[in-house]
Number of protein chains: 2
Amino acid sequence: MEAGGRESGNALLFLTDEQLRKGIEAMFFAYRGFTADPDRILADMAYGRAHHRALHFIHRSPGTTVNNLLAILGVTKQSLNRVLRALVEDGLVRNEVGKRDKRERHLFLTGTGEDLERQLSDAQRDRMRTAYRAAGPEAVAGFRQVLEAMMDNEMRKRYDALIELKG
Amino acid sequence: MEAGGRESGNALLFLTDEQLRKGIEAMFFAYRGFTADPDRILADMAYGRAHHRALHFIHRSPGTTVNNLLAILGVTKQSLNRVLRALVEDGLVRNEVGKRDKRERHLFLTGTGEDLERQLSDAQRDRMRTAYRAAGPEAVAGFRQVLEAMMDNEMRKRYDALIELKG
DNA sequence: AATAATACGTCAGCTTTGTTGACATTCCAA
DNA sequence: TTGGAATGTCAACAAAGCTGACGTATTATT
């Protein structure tokens, strides 16, 4: 287990079912806030959250392949393909046949794509920044620690891999 | 703005775009982990995440009305009705006409409903507990602080109202 | 007493985003 | 040269959200 034993009294009060339930509900409501601003922007367009996610990760890792994106997003290629096709048709995403492996398509944002991505992530970052500022650096460190511990091993790998790129 | 000025150097490093992006991605991956276990359980049944949410909040506030639940979940009554109808038909949720106001329907879980709810929330709590334990009480406090700061004002009201009940 | 507002249910139709399954193409590598 | 990987695409479907319209109790207001 871990420390345990002697510190049975108050030290573990943060692990009671009540505390866990609060955390679960906080996660639920916070996630809605987390996506609210981009959702509002996207509602006017023909795009949704799935398009936002694609734009985000292409922006973040330019030249990434379809398979990479598939693994990160955790959806089927048919589902992702629908999103990518729309973005390519509308000129937000550019497709480039791989040099080494010509089966692969490397994905890039166009100028227009970068513009929309920036608009969306600005909104999302603004909220995040406000929350971070209100909570302070130590709270933020704790926030990140808990989130990372909450991921699946699979997802933590993907997350870590992303972090390494620019981390 | 706020404090600013003299402490321009390292004190605000946690507010850089890079740090915010990491937080955004951590939130994305963590939320997938957060829902993964209940999702796996529900996949075998004819239910989804929407049913889980309804069960959770009815369990948490027994006797809540449809309108209450609507406000908490933030969906339309048509959408919620589809979910509730299934749960009532399958004998997981019980409907009770209001005493004071006979227009209202008060919602309760049946024994079967409680069983499923427990199964789902046990799975979710287990992951939460493991994450909390790994991160420690101070990290958890920070986690909660940031989440609460991230909610919409609307949602924070709902969240606070819930907390008061049993909190 | 009449009227308005509220709470709830339901029908119909639409959208987004996910899913399977099947199949073709292209290309790398053994 | 052949098997398998990476990609794209078609079709059909499901979950879960949405709008709009309408009906029925019940309560509140005038």
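In what follows, chains carry the letters A, B, and so on, assigned in the order in which the sequence lines appear, proteins first and then strands, with residues in each chain numbered from 1. It should be emphasised that the depicted structure is a prediction, and the values quoted were computed from it without experimental measurement.
- OP1 or OP2 of C/dT6 has not a single side-chain nitrogen or oxygen of B/N67 nearer than 4.0 Å.
- Mapped onto DNA chain D by nearest heavy atom, A/R105 and B/H51 fall at different nucleotides, with A/R105 at the one closer to the 5' end.
- In this structure a side-chain-to-backbone donor-acceptor pair under 3.5 Å is missing from B/R105 to B/T65.
- Side-chain N/O atoms of A/R85 and base N/O atoms of D/dG8 include no donor-acceptor pair closer than 3.5 Å.
- Between the side chain of A/R103 and the base of D/dA5, at least one donor-acceptor pair of N or O atoms lies under 3.5 Å.
- Contact annotation for B/R49: backbone-only contact, meaning every heavy-atom pair under 4.0 Å involves sugar-phosphate atoms and none involves a base.
- Residues A/D39 and A/R49 have side chains in contact (heavy-atom distance under 4.5 Å, counting atoms from C-beta outward).
- Per the geometry, CG belonging to B/D101 stands 14 Å off C1' belonging to D/dT24, to the nearest Å.
- No engagement by B/H106 is indicated, since no non-hydrogen atom pair under 4.0 Å with the nucleic acid exists.
- A/K77 contributes a side-chain N or O that forms a donor-acceptor pair with the base of D/dT7 under 3.5 Å.
- Side-chain atoms of A/H52 and A/E117 form no donor-acceptor pair, as typed in the model, at a separation below 3.5 Å.
- Residue B/Q78 places its CD atom among more than 12 non-hydrogen atoms of other residues, nucleotides or ligands, all under 6.0 Å distant.
- Residues A/S79 and A/M45 each lie close to DNA chain C; by heavy-atom proximity, the contact nearer the 5' end of the strand is made by A/M45.
- Judged by distance alone, with hydrogens and angles left aside, B/Q78 brings a side-chain donor or acceptor within reach of the base of D/dG20, the pair sitting under 3.5 Å.
- In this model, a side-chain donor or acceptor of B/R82 finds a partner on the base of D/dA16 within 3.5 Å.
- DNA chain C is contacted by both A/A50 and A/R100; A/A50 maps to the nucleotide lying nearer its 5′ end (nearest heavy atom per residue).
- Phosphate proximity of D/dC18 to B/T76: present, with a side-chain N or O under 4.0 Å from OP1 or OP2.
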